[in-house]
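Report on the structure given below.
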Amino acid sequence: MAGLARRVWPVTLAAFVLFVVYEAIKTLMFPRMSVVVSHVITVLVVALLTFIVSRYALARYGEALAEIERQTQMSEETNRLLIGVLATMREGVLIVDRDLHIILYNDAARRIVKLPADDAAPHLRITESPRRLIDATRDPLINQTFRRALDEHAAVEARVEMAEIGSRSYQLNVAPLSRTLAVGVFFDITELERLERVRREFFANLSHELRTPLTAILAYSETLLDGAIDDREHNVRFLEKLHKHAARMSEMISDISDLSAIESGKVSLDPRPVRLRAVLNDVLVLAEARRGRTGVTVNVTVPDELMVKADRTRLEQILYNLIDNAIKFNRPAGGVTISAEQQNGRAAIHVEDTGVGIAAQDLPRVFERLYRADKSRSRRTEGTGLGLAIVKHLVQAHGGEITVRSELGCGSRFTFTLPLAASPASPAELPR
Ligand code: ADP
C-alpha cells in the first residue's frame, strides 16, 4: 500500500508530460482542426488513459488487500495457537513490562500469585489495566528475579516457596523477551522434592534397619568365636539370637525385592472372581499366631456372597498385612473388626482396630517405604515398615484405592476397594 501511494507523484508527472507532448503533436500535425473536435478527441484519450490506469491501480490494490487479509488470518491463527498452548500449560506463565506491571498471565499463574479470575474469559488474560507484580505477590524473591532478568538482560532462576497455597515449591525461570518485557515460568517441583526426600529417607532408614540386626549378628558371632561356643549354658541361646536377627534381615530383603517387583510392574496378577469371606478365613488362620495370647478379639462381618475380582494370593497378602498390623498395634484385649460392603459399584473392605492409632502428621506417610509412625513403639514391635507400602501397591495394581482414618489412642480404620465380581446364582456355586 505504501509503495502504491509513493508512486502517485511520478505517475501524475508522467501523465502531465504525456499530455503536453500529446497537445504539441496534435497542434503541429492538425493545425486546422476545430476546437470542438480537438476537445472531443482529448476527452476520449483522457478517458481511455484513466480507464487503463485505474484498472491497473485497482488490481494492485486488490492484491495488497488479499495479502493483508492472509497475514491477518495467519497472525490470528498463531495467536490462537499460542493462547491455547499457554492456557493448557501446567506451568504458570507471567509476562511483565519494564516497570514490573503484569501484562499477560495464564490460568496456572493465577493459582500461584494473586490475580483476578474471570471465568467467562479464556484461560489466558492480557491485562488491560496492568497491576503491579508486587501487588500480586509480596514475595520479594519473585520480584527480584523479574527485576534482575530485565536489568541484566539475562535469564535468571530461583526456587520459591508459596506458603499460602499449601506449601508448594516452584522453580521460577525468568527470561527477557525484549528490552522492555520479561517472561517468567513457574515449574511446580513440590512432588519432585517430596519424592527426592522419600528416596533419601528410604536409604537412611534402610541402612539403619539393616545395621541393627547386622550389629547383633557380628556381636553374637564374635562372642561365640571368643569361646562362648563351649559355654554349654549360653551357646544355644546365642545361636538362636543369631538366627533371629539373620531371619529379620532376610525378611526385610525379601520384602524390598517384593516391593520393587510390584512397583516396576514385574509382578503379574491373575485376577479371578473370589469369595472374600473364604480368603479371609484362610488369612485369619495365619493371623492366629500373631493374636496368640494378646487377648485381641477379631470380629468379621463380611457378607458370605460378596465376590471380588482379585489375585487370591495377593489378596491374602493385603489382608494379612492389615490384620497383622491391627493386632500388632492394638492394646491388650483390644478388638479388630473386619467388614465389607458394596460401594459405588466396588467392594469396600474395612480393617478397623481399637489400638494405639496414628498421629495426624504421620497419616499421609504410613504408606511410604520403611516409614514407621511411632518410632519408639514401632522399633519394639516386629516389622519392616514395608508392609503398608506393599499393600498400597497391590491394591493399586488391582485398580483399587486404600485410605486410612485414625485417631491417636483410639484406633485406626484402613479401607481398600476392589472391583466386584458377579455373585454366583446359588450358594452351591460359591468357590471355596
Ligand atoms: P511395619 O508394621 O512393618 O512397621 P507397615 O508398613 O505395615 O510396617 O506400617 C508402617 C507403620 O504404620 C507402622 O510402623 C506403624 O507405625 C503404623 N501402623 C500401621 N498399621 C497400624 C495400625 N493398625 N495402628 C497403628 N499404627 C499402624
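It should be emphasised that the depicted structure is a prediction, and the values quoted were computed from it without experimental measurement. Whatever order the structure lists ligands and atoms in, that order sets their numbers, starting from 1.
Scored by the side-chain hydrogen bond (donor to acceptor under 3.5 Å, both in side chains) test, Glu77 finds Arg80 as partners (sequence neighbours excluded). Take Arg199 and apply the side-chain hydrogen bond (donor to acceptor under 3.5 Å, both in side chains) test, not counting sequence neighbours, and it matches Glu196.
With hydrogens and angles disregarded, a donor-acceptor distance shorter than 3.5 Å links the side chain of Ser264 to the backbone of Ser260. Distance alone, capped at 3.5 Å, is enough to place a donor-acceptor pair between the Asn143 side chain and the Asp139 backbone.
Within the structure, ligand 1 lacks Gly355 among the residues with a heavy atom less than 4.0 angstrom away. No heavy atom of Phe367 sits closer than 4.0 Å to any atom of ligand 1. In this structure, Asp353 counts as a contact residue of ligand 1, since one of its heavy atoms falls inside 4.0 Å of the ligand.
Between Asn205 and Tyr371, the side chains place no donor N or O within less than 3.5 Å of an acceptor N or O (distance only, hydrogens not considered). The closest side-chain donor-acceptor pair between Gln317 and Asp258 falls under 3.5 angstrom. Judged by distance alone, the side chains of Glu401 and Gln396 never bring a donor and an acceptor atom under 3.5 Å apart.
For Lys328, a nitrogen or oxygen atom sits less than 3.5 Å from a nitrogen or oxygen atom of ligand 1, counting backbone and side chain alike. Of the N or O atoms in Leu388, one or more lie within a sub-3.5 Å distance of an N or O in ligand 1. Checked by distance only, ligand 1 and Val356 stay at 3.5 Å or farther apart across all their nitrogen or oxygen atoms. The shortest N or O to N or O distance between Val366 and ligand 1 is not under 3.5 Å.
The contact set between ligand 1 and Tyr371, taken as ligand atoms under 4.0 Å from a residue heavy atom, comprises 10 (C), 11 (C). Counting atoms of ligand 1 from 1 in the listed order, those under 4.0 Å from a heavy atom of Gly357 are 25 (C). In summary, the atoms of ligand 1 found under 4.0 Å from a heavy atom of Leu386, numbered by their order in the structure, are 6 (O), 8 (O). Atoms of ligand 1 found under 4.0 Å from any heavy atom of Gly385 (numbered from 1 in listed order, with element): 1 (P), 3 (O), 4 (O), 6 (O), 8 (O).
At a heavy-atom distance under 4.0 Å, only side-chain atoms of Phe414, from C-beta outward, approach ligand 1.
The shortest heavy-atom contact between Arg90 and Ala108 is O-CB, 3.5 Å.
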